[in-house]
Each structure stands twice: as structure tokens, then as C-alpha cells.
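What follows is a set of notes on a single structure, which appears directly below.
Quick caveat: nothing in here was measured; it's all calculated off a predicted structure. Residue numbers start from 1 in every chain, and the chains themselves are labelled A, B, ... in the order their sequence lines are given, proteins ahead of strands.
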Number of protein chains: 2
Amino acid sequence: MQRMNIATDTRSRIIAAAKPRFHSRSYANVGIQEICESAGVQKGSFYHFFPSKRDLVMAVIDAFADEWANGFVAEAFDPALPPMERIDYLIDAAYFWQKSIKQVHGRMLGCIFGNLTLEVSTQDDILRAKLLAIFTRAKSRFKETLEQAVAAGTIPPLDAGLTAEAMLAYLEGVILLAKAQNDPELLYRLGPAIKTLRIELSGD
Amino acid sequence: MQRMNIATDTRSRIIAAAKPRFHSRSYANVGIQEICESAGVQKGSFYHFFPSKRDLVMAVIDAFADEWANGFVAEAFDPALPPMERIDYLIDAAYFWQKSIKQVHGRMLGCIFGNLTLEVSTQDDILRAKLLAIFTRAKSRFKETLEQAVAAGTIPPLDAGLTAEAMLAYLEGVILLAKAQNDPELLYRLGPAIKTLRIELSGD
DNA sequence: ATCGTAGTAGACCGACCAGTCAAATGCAAG
DNA sequence: CTTGCATTTGACTGGTCGGTCTACTACGAT
């Protein structure tokens, strides 16, 4: 059991070293060697736990997804909140998170899922599928929320699935533009407009 | 003058070789050597025309920007069209372009400006500024269009600057999500909702 | 004819890349 | 005490990276 903990420790030290690097730079720009040095681990140990760089980045994706799912996302999609306020909350959370990262790191890092998607999805279908699954789950959260808002009469009926996808796209797009400006304040200015997006039910 | 043409030819052959590569892969994943081989040019010649890889990608960015400005964008933002129809046209153009690329290349490549922004903007402020300028110009096009739509009474008054930025963000976000799905049809389904985005004039 | 210069050629540089491997170590179960 | 496996070590591979350098060619201007 002791061994298990040590092993887990090495593995998680690698992930902990990799996370901020993949977030702040890019997949291709971060090398295994650098991660090993930062984690205090030898090459051989690294490849004991991860068959390839791709497997590492997948673990990093999971780590970020868990962090979000257990943090801001869980707070935002609290069933106790009125549906549309959950969306406000999520936008706020994204804004404050990006802002705090910029204060510490000096730069807007954006969304790691979006970053990786645009970098690797033409080159690696396995990574693309992994990232797509993250987006699909996020879309479901939006969709449920919209359905509840419609059921509650807060908003008129609409195509919840497509509108959810549109909202997710908008959020990613705003983060992209904010990153181009290195300014999280754009999220503050543009974020709330996410609720104006609407796709009507197609007539059939 | 003859020399000028030959020189221009070499330079533009390099750019022509680089364009599809940077578009379909990533900045870091495309090497100078590969570009030289594809363009039939030696390393020395390459560095005669481009001081660095960054200068090449800037020329590539300009080439894409020109291609768009003289093509679809010029068609879409035709003053003869009713303002809001120009936006429809632009979405259509983006959709058909991505679709045709996928038919030829087998993949959704997305927007090279968005791709590069997420990849390099934390690592190279000069490239970030270059890309930001592209987005700023695009935003201006949307803004003028919205202002004209308001003047014509087609849509109620709104904050044209912020709404234009929101629309640009949405477009980039939809392309990002479509790339994650490797499916340009998402542009077709989500694109038209761009016109539902609205940011009201702030009260001051 | 010759000089200057734009362009070309291609070997070369040190650094880094992802990934491999054989040998050693540590530890738990028998 | 021994066997066996998880883990670690660190040297090593073949290849690529962006970029440099010197020599050479081609051509226009004087």
C-alpha cells in the first residue's frame, strides 16, 4: 500500500507539473524532458506511468475537467439557483478564474480545452475525441439548464440542444478573443450576452 | 526587374507552401525544412527572404487576410446588400469554405487566425498583436454593418461595438466547436443564431 | 570589363525532441 | 531468505528543430 501511494505520488507530480505548462503554452511546445525536470522524475519513470505524451495530455485534460466539475461548475449548476442565473454564475466564474490567472501569471491563458482543440484536432483523432467528449458534457449542462428554464416559464420555448451548443460556442469564442487581447475584461463585457442567444425549435 | 520577379517568385512559393501547412497543422508542428523542401528552395534562400519563422507566419497571416478581404468578405459586405443580409452571407461563405476544404482535405481546418491565436498568443506578443489587428478589422466590419442596420431601422438600437465583438466571438467559437467535431455542418446549424446576439447600449 | 549586390546552395551548429532500454533498487508476499 | 514485481535510474537512439555560415552564381549598373 505504501508503494501505491508513492507511485500515485510520482504520477500526480508529473500531472501537476504538466498542467500549468500545457495550459500556458501549447502541446507541441512543452517537452517531456522539461516536465520530468520540473517534477523531479526521470525519463524512465515517466514512461513507466505514461505510454506516450498523448496519454499524459489526456490525463491533464481529465485533471482540468475534474477540477472544473468539482469547482465552479458544481457551484454554477446548483439546482437551488434559478436556471438562467446558473449561466450567469458560470460566466462570472470563468471571468474571475481567467482574471486571477492573469494576475498571477501575467497572461490570459484561456480555456485549455479550446486551446488543445484548435492545436491538435486535425492531427490526432484520439485527442480530438477526448476533447469533444468534454464539450459534449458541457453542452449537456447548458441544455438541461435551458430545459428547466423553459419548464419554469423563465424563457420562451426554444431548441435547447442547439441553443446550448451555441452558448458553449459563444463562451469559447469570447475566451479566444479575450486571449487575443490578453484581457479577461472582455469576458466581463461580452459574457452576459450569452443569454441573448436563441435557436428556435425547427418546425417539424 | 527580371531578378525582382524571380525573387518575388521564390518568396511567394515559400508562402504558398507554408499556407496550407500552417492552416492544417500548427505553428510548432510545421518546420522550416519541410516548407523549403515543398517549395523547392534551400534553407539559405529561405532565410534570405524571411529573418525568422515568425516573419514567415506573419506573411502567411497577411496572405490569408488578403485572400479573405478580396474574396468572401468583399462579397459579403457589399453595400448593395441589406445590412443584416451581409452577416448571413458571411456565415454562409464561412460554411461553404470550411465544407469545401473538408471535401478536399478530409478535415475541418477552422480559422487560421483563431488557431494561431490560441497556440501562440501567450508566447509571442508580436504575433498576438498581428492577430489582434486582424480581429479588430473584422470587428469593424461587423460594427459598421450593425450601425447601418440600426440607421435603416432593421434592428432596434444597440451597442454596435460590443455586439460586433460578440458576433465575431460567436463565429470563432462555432468554428472551434465544428473543428472539435470535424464537421462543418455545425456552422450551418449554429451560424444563423449570430443575429440573435445583442448587447444593449449602456445607460450613460 | 569589373564591381556590387541579390539570390542560391548546402553543409553545419548546438539544442532539443519523443521514446527505448538494460540495469539497479525497493518492497511485499511466500 | 528468496522470489517477483513495481518503480527508478540515466545513458542512449535517431531524428528534427530554428538558425548560421561561407562559398558561389547570376545579373545589372557603371
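- Distance A:Asn29 CG to D:dC17 P: 14 Å, rounded to the nearest Å.
- For B:Thr10, a side-chain nitrogen or oxygen approaches OP1 or OP2 of C:dT8 to under 4.0 Å.
- Side-chain atoms of B:Lys43 and base atoms of D:dG19 include a donor and an acceptor less than 3.5 Å apart.
- Remark: C1' of C:dG10 and CD of B:Glu37 are 12 Å apart, rounded to the nearest angstrom.
- A straight line from NE2 of B:His48 to C1' of D:dT20 spans 15 Å, rounded to a whole angstrom.
- Across all strands, A:Gly31 comes closer than 4.0 Å only to sugar-phosphate atoms, never to a base (heavy-atom distances).
- Residue B:Gln42 has a polar side-chain atom (N or O) positioned under 4.0 Å from OP1 or OP2 of C:dG10.
- Rounded to whole Å, the distance from NZ on A:Lys53 to P on C:dC16 is 14 Å.
- The CZ-P distance, from A:Arg11 to D:dA6, rounds to 15 Å in whole Å.
- Here D:dG18 presents its P atom at 19 Å from CZ of B:Phe49, a figure rounded to the nearest Å.
- Taking every heavy atom of both residues into account, B:Arg189 and A:Ile199 meet most closely at O-CD1, 4.1 Å.
- The two residues A:Trp97 and A:His23 come nearest to each other via the heavy atoms CH2-CE1, 3.7 Å.
- Pairing each heavy atom of B:Ala94 with each of B:Leu187, the nearest pair is O-CD1, 4.2 Å.
- A donor-acceptor pair shorter than 3.5 Å cannot be found between the side chains of B:Lys43 and B:Tyr47.
- Note: CD (A:Gln33) to C1' (D:dC12) measures 13 Å, nearest angstrom.
- Computed from coordinates, the B:Asp124 CG to D:dG18 P distance equals 14 Å when rounded to whole Å.
- Side chain of A:Thr196 to main chain of B:Arg198: a donor-acceptor pair is present (N/O by atom type, distance under 3.5 Å, no hydrogens or angles).
- In this structure, of C:dA18, D:dT8, D:dG18, it is C:dA18 that holds the atom nearest to the side chain of A:Ile32.
- Across the interface with DNA chain C, nearest-nucleotide mapping of A:Phe46 and B:Gly44 shows B:Gly44 to be the residue nearer the 5′ end.
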